[in-house]
Amino acid sequence: MFAALHEKHEHKKVLPDLEGAEHGVVMRFAPNPSGPLHIGHARAAALNDAYVKQYGGRYILRIEDTDPKRVDPDAYEMVKEDIEWLRLGITETVTQSDRLPLYYDLCKQLIERGGAYICTCENEHFKALKDAKKACPCRDQPVETALSLWEKMLDGGFAEGEASVRVKTDLLHPDPAMRDFPIFRILDAPPHPKVEARIYPLMNFSVVADDHLLGVTHVIRGKDHIANTRRQRYIYDHFGWKVPVYRHYGRMGIEGVVLSTSQMRLGINEGKYTGWDDIRLGTLRALARRGISPDAVKNAMVAIGIGDVDISFSWDNLYAENKKLVDPVANRYFFVPEPVTAVVEGAPRRMAHAMLHPGDPSKGNRELPFEGTVVLPKSEIVPDAAMVRLKDLFNVKIAWAGSSPSFSYGGDSLADARTAKAHIIQWLPARQTLPCTLLTMDGKMQGVCEPAVAKEQGKVVQFERIGFVRIDTVSESGVLAYFTHT
RNA sequence: GCUGCUAUAGUGUAGACCGGCCAAUCAUGCGAGCCUCUCACGCUCGCGACAGGGGUUCGAAUCCCCUUAGCAGCACCA
């Protein structure tokens, strides 16, 4: 048994080593507060988290809210909740909108070093020059001029779009994206929900500033940032700062759920979705509602790893991870879909003892009294079924008079049921049922479940022969449950 | 178009840097069976891949080239 445990440990997926991480790491998860976190975010969050746990160090949550157009005031709280749900090992949190003065100061320093200039060219004009590998007139401005223009910018001397700060890079760089990219812009509207400002750093600048200021040593992010990494290197070089180690993982295609924040928001506003946790959405709160455990999400993401190849996310693999966690602890209950009432003739009244968990007898039993009338799943009452076995109770013979079945006691012998190839089915005493609606990804199932299910609100249980479900709400009208997986 | 990255079974992943121990790992999936008063769990067996083509080499999944395919970026978004 010890060997078995050891074996299992050996097979535990380990992430590839990170260069220069031997003495600990400082990593960060840097979401944009535009909505709740979804599975895509979970990959970055989990990968960084796993590395910080592996090597030890600090894990910074950095809220990147430097674009007021992409800030949803409610998202700050949602992101925080989602991260708590994921149980990330966050050691500190910073919000970029709190740090504007820091960026302004660093920008001034960059200008003083001759690494940046204030560009007042019209956008189209600059683009044309850039594409032709030519410098714009502003590029040659003396440092003093640049500094005073920067002051003017900060003092409101320019209207939106009239000026921006650009980094001096290499105008001959074969990739036009590298050539003198902008690092600050002016924005009058919309107002930022957290701070009064109109000069905003662009991501490439604030990221470098913060990564340096916070001592970030390793960055794991999607490969959509590869070009940004190259751009950011110019800023590091201007300052003479040490560059972190980067890893870029590939694109992850996720099917079956909606991930686009704007699409989700639109759908919610139109009433198409019930909210951010609508199970058709790919948000973490939707997964939570469906009964997916945060550890399953993290494990699945670590198993996917940091490969730079594009992959397609597998729900099967996530469900498998979740099942490993949930199966050992989920209580078992009967749920009878499309219940059919059956009076069983000639059967003795008795109490059925069904285990709450077959793998853990210490959890005890559910007591289900048989009083003559039961409900059975409609799908099991078919003409070619001459006998069924009510699980933990007894056998029932089915006789057909035309299209109407009648039920009679078929003995207690399990062996008889086996010989007759009778299905062992779930059932409920007719007088002890709780209406239950089971919501699945593609519809709903109506049925009845054991009244004791009401005590499991918020938990994942297994409806025998159906699958794992999360008991969402319990009200006077019954139970609402979400299907997790088989 | 330009710049760059990548290509292992249905899916994910190991092996690739330092060619031979790889007739290719593990997980998941699927199939068969065992176990079982759940169609779950567990166990056993099986299925299934080095994108294609050249080259280097005694020897290539691993190195080089080409082709094909996919992806990312080329924003005053992150």
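Each chain gets a letter, A, B and so on, in the order its sequence line appears, and its residues count up from 1. Hydrogens, waters and symmetry mates play no part in the numbers below; they use all other heavy atoms, side chains included.
With a 3.5 Å ceiling on both atom-pair distances, B:rC37 lacks any Watson-Crick or G-U wobble partner. Across all strands shown, B:rA69 is found opposite B:rU6 as a Watson-Crick or G-U wobble partner, with both distances under 3.5 Å. With a cut-off of 3.5 Å on both Watson-Crick or G-U wobble distances, the partner of B:rC74 is given as B:rG1.
Side-chain atoms of A:D308 lie closest to B:rC5 of the nucleotides B:rC71, B:rC74, B:rC5. In the set B:rA75, B:rG70, B:rC74, the nucleotide with an atom closest to the side chain of A:K223 is B:rG70. Checking B:rG70, B:rG12, B:rA40 against every side-chain atom of A:D310, the shortest atom distance belongs to B:rG70. Set against B:rU11, B:rU38, B:rA40, the side chain of A:S312 has B:rU11 as its closest nucleotide. Checked against B:rG29, B:rG73, B:rG12, the side chain of A:I311 finds its nearest nucleotide in B:rG12. For A:R251, the side-chain atoms get nearest to B:rC71 when compared with the rest of B:rC71, B:rU38, B:rU28. Here the side chain of A:D327 is nearest to one of B:rC41, B:rC37, B:rC74, namely B:rC41. Out of B:rC37, B:rU11, B:rU38, the shortest distance to the side chain of A:S314 is found at B:rU11. Of the candidate nucleotides B:rC37, B:rA75, B:rA78, B:rA78 has the atom nearest to the side chain of A:D67.
For B:rC76, its base never sits under 3.5 Å from the side chain of A:E124 at any donor and acceptor pair. Side-chain to base pairing of A:R389 with B:rC37: one donor and one acceptor N or O lie within less than 3.5 Å of each other.
Here the closest heavy-atom approach between residue A:L376 and residue A:L390 is recorded as CD2-CD2, 3.6 Å.
Rounded to a whole angstrom, the distance from the C1' atom of B:rA51 to that of B:rG59 is 23 Å. Spacing of P atoms, B:rC41 relative to B:rG19, comes out at 43 Å, to the nearest Å. Taking atom P in both B:rG10 and B:rG31, the straight-line distance is 16 Å, to the nearest Å.
For the pair A:R166 and A:V309, nearest-nucleotide mapping onto RNA chain B gives the more 5' position to A:V309.
Phosphate contact (OP1/OP2 of B:rA27, side-chain N/O of A:N317, threshold under 4.0 Å): absent. Here A:S34 does not reach the OP1 or OP2 of B:rA78: none of its side-chain N or O atoms lies under 4.0 Å away. Applying the 4.0 Å criterion to OP1 and OP2 of B:rA75, one finds that A:K127 has a side-chain N or O inside that range.
No donor-acceptor contact under 3.5 angstrom links the side chains of A:S97 and A:T95, judged on distance only. Side-chain N/O atoms of A:Y117 and A:D180 include a donor and acceptor closer than 3.5 Å.
The CZ-C1' distance, from A:F468 to B:rC41, rounds to 8 Å in whole Å. Here B:rC76 presents its P atom at 14 Å from CZ of A:R70, a figure rounded to the nearest Å. The NE2-C1' distance, from A:H225 to B:rC74, rounds to 16 Å in whole Å. Going from atom CD1 of A:I226 over to atom P of B:rC5 covers 9 Å, rounded to whole Å. One can place NE2 of A:H248 at 15 Å from C1' of B:rU3, the figure rounded to the nearest angstrom.
Looking at residues two or more places apart in sequence or on another chain, you find no ring-ring contact (aromatic ring centres under 6.0 Å, His included) involving A:H192.
Contacts of A:Q462 with the nucleic acid, taken as non-hydrogen atoms under 4.0 Å apart, include base atoms. Counting non-hydrogen atoms under 4.0 angstrom, A:N123 reaches a base of the nucleic acid.
Within the 4.5 Å cutoff, no side-chain heavy atoms of A:I183 are placed close to those of A:R166.
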